[in-house]
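Note sheet for the following structure.
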2 protein chains.
Amino acid sequence: MSTLKSKILVVATDLFQTRGINSTGVDTIVAVAGTTKMTLYKYFTSKENLILEVLNKGHQDFQTWLSDKLNTNTKKPSEKLQKLFEFIEEWVTSPNFRGMGFIKASAEFPNEESPVHQLSSEQSRQFRQYISSLAAEANIKDADGLALQLSLLFEGAVQAEQMKRGSGAMKYAKKAAKILIDEALTA
Amino acid sequence: MSTLKSKILVVATDLFQTRGINSTGVDTIVAVAGTTKMTLYKYFTSKENLILEVLNKGHQDFQTWLSDKLNTNTKKPSEKLQKLFEFIEEWVTSPNFRGMGFIKASAEFPNEESPVHQLSSEQSRQFRQYISSLAAEANIKDADGLALQLSLLFEGAVQAEQMKRGSGAMKYAKKAAKILIDEALTA
DNA sequence: CATGATATATACATATCTGTATATGGGTTT
DNA sequence: AAACCCATATACAGATATGTATATATCATG
C-alpha cells in the first residue's frame, strides 16, 4: 500500500475519533496528512469509502492483535475467556489506542440503510460472535448470553474511556467480567 | 410553554435520535414540525441551544420518571437497587422511548470544549451518581465502583437497543446487573 | 371594527461541505 | 534529454448548512 494512502488512513482514524466523523471534512484530513484532495480521491472513491476503509482497518488490527495474543498466551478455552479482558485492557490503555471505530460510527450513522451503519453493526456482531465462540469452547451453557453481557461491558467501557481517558472504567469492567464469567462457569 | 416550542422539541428529539444530530438540519426539523425557521429561532437562540434543551428535557423526563417509580414502588434501599433495572427496562422498551440523548450526543460531540459534550458528560455523571447513592444507602462498600459497572451495562444496552430494537440486550443487562448487585451485597 | 402580538412565506447572506477540472512541478525510467 | 507517472496547487461547481431580513397573514382581545 502506498505510504500516502496509509498516512491518510492513519490521520483520518485519528481525526474521526477526536473530532467526530461527520464533523471532519476531507479538507482537514488532507491538510493534516500533508497532501491534497486530488490525492485522497485517487485512493478513495468517496468520503464514505474512506470511512469504510478506516473502520475495516481498525477492526482487522484489533481482531488480529487479540487473536494472536490469546493464542500465544493461553491454551485452555476457559483460560482464554478469563484473560480476554486483561488483553482488551492492554489494548485500550496502550498509547496508540485510537478508539473503537464501530462504536462511534454506529452512533453517528443511525440510519440502517447507511453502509457505514451496516459495517459497524456487522463488526459489533462479529466481535460478539468471537466472544461467544470462546465461551462455547469453555462449555458455557448460554454462550451467546454471556457474550452479549461481556460486549455490553466492553462497549460501555470503551465509550467511557473515549470520553475521559484514565476514567478507570476498564478496570471495573474487568472486575465485572470476572464475576459474570465465574457465575456462568459454575452455573 | 408554547405548544409550538414543545412540538419543535419533540420533533427534534425524534429526528436527532433516528437520523443523528449533525445530520439533521433545522430546515428538516421545522418542516416535520409544520412550522418555519423564523419561529424556531424565536424560541431557540441557535441550533446548539436547541440541542441543549432537547438533552435537558430528555434527561429530566427520565430522572423524574425513574425517581418517582422507585419511590412509590420500593421502600428498602437494597430493594431500590434490585428493582432499578426492572424499571429501566420498562422505560427503554416503552413505545414512546426515544433513546437516551446524552449517550448519542457524547459520541457526536467528542470535543471536550463543546457545550453539548459538557452537558452530556455531566448528565452521564449525574446518572452514575444517582446509582451510587442508591448503592451507598444499601450499605455497599464500593458504591462508586458498582455504580460505574451498572452504568456501563446500562449505556451498553441502550446503545444496543438503539442500534436494533428488540435486540434483547436489556434483558441480559438486567441479568448481569442482578449478579453484580448480589455479589456486591454479599462481599 | 381596529389593534397588536404571533406565525408564516419567501428570499437571501454567508459559510462549509463533497467532489472535480485544469494546469503545473518533480522525480524515475528508457 | 524526453516521456511518463505521481503528486501538487488552485480554482470552481453544486449542494446544503445556519441564521437573518422583510413583508404578509391570522386571530384573539379591546
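A, B, ... follow the sequence lines: proteins, then strands. Residue 1 opens every chain.
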Assess, by modelled atom type and distance only, whether the side chains of A:Gln126 and A:Glu122 contain a donor and an acceptor separated by less than 3.5 Å. yes
Donor-acceptor contacts under 3.5 Å from residues 142-158 of chain A side chains, at least two apart:
residue: A:Asp142; atom: OD1; partner: A:Gly145; partner atom: N; Å: 2.9
residue: A:Asp142; atom: OD2; partner: B:Tyr172; partner atom: OH; Å: 3.0
residue: A:Asp144; atom: OD1; partner: A:Ser132; partner atom: OG; Å: 2.5
residue: A:Gln149; atom: NE2; partner: B:Tyr172; partner atom: O; Å: 2.9
residue: A:Ser151; atom: OG; partner: A:Ala147; partner atom: O; Å: 3.3
residue: A:Ser151; atom: OG; partner: A:Leu148; partner atom: O; Å: 2.8
residue: A:Glu155; atom: OE2; partner: A:Ser124; partner atom: OG; Å: 3.3

Measure all distances between protein nitrogen or oxygen atoms and nitrogen or oxygen atoms of nucleotides 22-26 of chain D, and list the pairs falling under 3.5 Å.
none

Distance in angstrom units between A:Leu40 CG and C:dT20 P, rounded: 11 Å
Test applied, side-chain contact (heavy atoms from CB on, under 4.5 Å); reference residue, B:Asn56; option that passes from B:Leu9, B:Leu119, B:Asp61: B:Leu119
Contact check, side chains of A:Ile29 and A:Val11, non-hydrogen atoms, under 4.5 Å: yes
Check whether any side-chain heavy atom of A:Trp65 lies under 4.5 Å from a side-chain heavy atom of A:Glu90, and answer yes or no. yes
Restricting both atoms to N or O, compile the protein contacts to nucleotides 14-19 of chain C shorter than 3.5 Å, with distance only.
residue: C:dT18; atom: OP1; partner: A:Lys47; partner atom: NZ; Å: 2.9
residue: C:dT18; atom: OP2; partner: A:Val26; partner atom: N; Å: 2.8
residue: C:dG19; atom: OP2; partner: A:Tyr41; partner atom: OH; Å: 2.8
residue: C:dG19; atom: OP2; partner: A:Lys47; partner atom: N; Å: 2.8
residue: C:dG19; atom: N7; partner: A:Lys37; partner atom: NZ; Å: 3.2
residue: C:dG19; atom: O6; partner: A:Lys37; partner atom: NZ; Å: 2.4

Would you say A:Lys57 has more than 12 foreign heavy atoms packed within less than 6.0 Å of its NZ? no
On the six-membered ring of B:Phe44, is B:Lys5 placed so that its NZ or CZ lies under 6.0 angstrom from the centre and within 45° of the ring axis? yes
Contact list for DNA chain D against residues 108-118 of chain B - heavy-atom distance below 4.0 Å: none
So, taking the atom named CD1 in A:Ile181 and the one named NZ in A:Lys83, what distance separates them when rounded to the nearest 0.5 Å? 12.0 Å
Report yes or no: is the cationic atom of A:Lys171 (NZ for Lys, CZ for Arg) under 6.0 Å from the centre of the six-membered ring of A:Phe85, at an angle within 45° of the ring normal? no
Backbone of B:Asp182 reached by a side-chain donor or acceptor of B:Thr186 within 3.5 Å: yes
Among B:Lys175, B:Lys174, B:Lys69, whose salt bridge (Lys or Arg N to Asp or Glu O under 4.0 Å) with B:Glu89 holds? B:Lys174
Quick test: give all pairs of protein nitrogen or oxygen and nucleotides 4-7 of chain C nitrogen or oxygen below 3.5 Å, distance rounded to 0.1 Å.
residue: C:dA7; atom: OP1; partner: B:Tyr43; partner atom: OH; Å: 2.9
residue: C:dA7; atom: OP2; partner: B:Tyr43; partner atom: OH; Å: 3.3

Indicate every side-chain donor-acceptor pair of residues 96-107 of chain B with a distance under 3.5 Å to a residue at least two apart or in another chain.
residue: B:Asn96; atom: OD1; partner: B:Ser94; partner atom: OG; Å: 2.8
residue: B:Arg98; atom: NE; partner: B:Asp14; partner atom: OD1; Å: 2.9
residue: B:Lys104; atom: NZ; partner: A:Ala107; partner atom: O; Å: 3.1
residue: B:Ser106; atom: OG; partner: B:Phe102; partner atom: O; Å: 3.3
residue: B:Ser106; atom: OG; partner: B:Ile103; partner atom: O; Å: 3.1

